[in-house]
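See structure below.
Given the structure is predicted, the values throughout are model-derived calculations rather than measurements.
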Number of protein chains: 2
Amino acid sequence: MTQHAPGPDPTNRPKAAVMEDVAERAGVSAMTVSRVLNTPDKVRPDTRARVLDAVRALGYRPNFAARSLVTGRSGALGVVSFDTTLYGPASTLHGIEQAARADDYLITIVSVGALNRRSIGEAVNRLRFQSVDGVIIVAPHESAADGLRHLPPDLPVVVVGARDNLPVPVASVDQATGAVRATRHLLSLGHDTVWHVSGPQDWIDARARIEGWRSVLQSEGRQIPEPLLGDWSARSGFEHGKLLARDPEVTAIFAANDHMATGVLRALREAGRRVPQDVSVVGFDDVPEAPYLWPPLSTVRQNFTEVGRLSFQLLLDRIDGRTSPAHHLIEPELVVRESTSARPPR
Amino acid sequence: MTQHAPGPDPTNRPKAAVMEDVAERAGVSAMTVSRVLNTPDKVRPDTRARVLDAVRALGYRPNFAARSLVTGRSGALGVVSFDTTLYGPASTLHGIEQAARADDYLITIVSVGALNRRSIGEAVNRLRFQSVDGVIIVAPHESAADGLRHLPPDLPVVVVGARDNLPVPVASVDQATGAVRATRHLLSLGHDTVWHVSGPQDWIDARARIEGWRSVLQSEGRQIPEPLLGDWSARSGFEHGKLLARDPEVTAIFAANDHMATGVLRALREAGRRVPQDVSVVGFDDVPEAPYLWPPLSTVRQNFTEVGRLSFQLLLDRIDGRTSPAHHLIEPELVVRESTSARPPR
DNA sequence: TATCCGAGTGTTTGCGCTAACAGATTTCAT
DNA sequence: ATGAAATCTGTTAGCGCAAACACTCGGATA
């Protein structure tokens, strides 16, 4: 190689300043620079000012990897979530992210296509590998239980929306209470009983909503129709809606989410049954478009932002070794709009 | 302190194994362990097997911070996105995550409440601080332009869904073409012209859809109604829909997204105008519930997964120093369902 | 047989930072 | 003024890993 002169760096990119450079420019030791950044009040104000000037002048940013190598903390949290395009998980994720940002944590996300022991284990491993300080698992699925019971014991974990009896803190919306409110609302309007288009049986939330709905009918001594198993999609709501529309006995339907409720509304309409004059419908979630369906949908609102905030807080507590009670519930809220009204005269 | 005996580690957590421990157990040097992990074929098979056994036996996981300190790479990518609860951004994020996972990258997300120079700068800084290898910015907003022009030059960046003339690669769905297809479809059904309920002016996509829609009407010599400015919400679609429903001239409406289309459908219905017999409606996005609206919504499908995949690929190229052409477009697809039909007889 | 080669492995070094301790300087009471 | 405590700053060491180079050894080559 004919490398006669050293010449400028071929990448033309000056090597980023490191702590030593800042120290030199400020006329102090590297340690003092570190202190200015981490424990500013342990440095005399004028020294601090000199250092900060040097930091700015050099555009210095501390090297995250070096810091976390020595401190053992990364300032990053992992979130494992099932299909983040669904409204619920997406909103929860958003809530977590907001809360984390306020506390200067960063969120690393792994979304998994299935919730089983293997996929959860893999996801958690990927995150540990990146030295996250803790992990929030959004696992609204029955199949996750096994995976959640076999988490590495030395990793702070919080679970969102799972069943109880887990060795970790859990935060979730009180699904059963939501279902109870929806069902009570319909009964209070004079309906004899309430049909239920449920979510898939292997979803915790779906089960809890069934339980809530059933418990009200039972305690009120009403007929308990077999729940119709949907899959959360508008499509499945539509299919079940067609069946329900044929039965003149059906005057009140509780759908386990707003998408299925949307399908139910369509099926009723196609069958010539008016909502709410002939049939009342309640959904669950309160998706943004719920007020603008036809008719505006009565539903149960889940405060996902709050779930995110809470789970983040629980995780912080976990990381700092503070143990926290097992299962934290957030109250959902019934939102009455125009898809529900009094039972039609017989 | 009466600490008589050393006793067991109070945390009861055995210090995680490091490379040296593995080396010792396998009877090799630490360097060989490193090679087994990073360049397996440079190690003789039997040595490799011994090392891997030791890795398994000790449950060794390499320390990410140490590795990235010495390699200068983190294996993490940052994504800056506007409101991740919206269907588009959420799907794009999901697409990016899928693609990244396949290549063993992890995604760190910062969602911002506004897209301006300050918020973008802050978000990018937070990510750099965590030593991400590159950043994807989902910035479908006019206000982001300034921020995008002032990115740190030494950070690999790819932008999704922004306008052209940026100093970085851009990936987006060809919004204008989508709008052209929607508009052509309506004209081909015999409608005299097409009304447009648009997204907010400061969204790039909204503008592009207006341009596409307008260009078709113009080239066909049709009357060009003033676009009605919405805000993406079903609510705004409903409000504008009420106005449009009153005007008997209106027989074809192109809404800039499916949520607004949902609102328009409701408004038309309330005003007693039938869809599609009296008025045809086309949306944009093809959200999952679109086929189950009443009537099933004709719309323009954006392949967000593909956008995510493409932007990830572009970013990898950027990181490896391969430059890539400026603006990459993905074709959207018109999906005709039942909300569109021939113009009613005069 | 002497030499070279290259695959496989080991040794040294340093990435950039902070914990822990040591030393210097100031502050305050006596 | 004089020591002791309190405050501030510097020094040393090492976090865990991989780059760079050095070495070893068997076999191919001349």
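Taking atom CG of B:Leu69 as the reference point, atom P of D:dA18 lies 11 Å away to the nearest angstrom. Counting to the nearest Å, the C1' atom of C:dC17 and the CZ atom of B:Arg67 are 20 Å from each other. To the nearest angstrom, C1' of C:dG10 lies 15 Å from CD of B:Glu24. What separates CZ of B:Arg73 from C1' of D:dA19 is a distance of 15 Å, to the nearest Å. Here the P atom of nucleotide D:dA18 and the CE atom of B:Met31 are 7 Å apart, to the nearest Å. Going from atom CZ of B:Phe129 over to atom P of C:dC17 covers 10 Å, rounded to whole Å. When the P atom of C:dG10 is taken as reference, atom CD of B:Glu20 falls 11 Å away, rounded to whole Å. B:Lys42 has its NZ atom 16 Å from the P atom of C:dG10, to the nearest Å.
B:Ser68 comes within 4.0 angstrom of nothing in the nucleic acid, heavy atoms only. Using a 4.0 Å heavy-atom distance criterion, A:Phe64 is classed as making no nucleic acid contact. Looking at heavy-atom distances under 4.0 Å, B:Val70 makes contact with a base.
For the pair B:Pro156 and B:Leu315, the minimum side-chain heavy-atom distance is below 4.5 Å. Looking at A:Leu127 and B:Leu106, their side chains come closer than 4.5 Å, going by heavy atoms from C-beta outward.
Taking side-chain N and O atoms only, A:Ser34 has a distance below 4.0 Å to OP1 or OP2 of C:dT18. For the pair B:Arg35 and D:dA18, the criterion of a side-chain N or O lying under 4.0 Å from OP1 or OP2 is not met. The phosphate of D:dA19 has neither OP1 nor OP2 within less than 4.0 Å of any side-chain N or O from B:Thr71. Under 4.0 angstrom from either OP1 or OP2 of D:dC15 there lies no side-chain N or O belonging to B:Asn63. Between D:dG10 and A:Thr32, a contact under 4.0 Å exists linking OP1 or OP2 to a side-chain N or O.
Looking only at atom types and distance, the side chain of B:Thr108 has a donor-acceptor partner in the side chain of A:Thr108 under 3.5 Å away. Using modelled atom types, one finds a donor on one side chain and an acceptor on the other under 3.5 Å when comparing B:His327 with B:Ser172.
Between A:Arg56 and A:Asp53 there is a salt bridge, since a side-chain N of the basic residue sits under 4.0 Å from a carboxylate O of the acidic one.
The side chain of B:Met19 lies closest to D:dC17, out of C:dG16, C:dT18, D:dC17. Closest to the A:Val28 side chain, of the nucleotides C:dG10, C:dG16, D:dG10, is D:dG10.
Looking at A:Arg61, its side chain has no donor and acceptor atom pair within 3.5 Å of the base of C:dG16. Residue-to-nucleotide contacts include no donor-acceptor pair under 3.5 Å from the side chain of B:Arg48 to the base of C:dG8.
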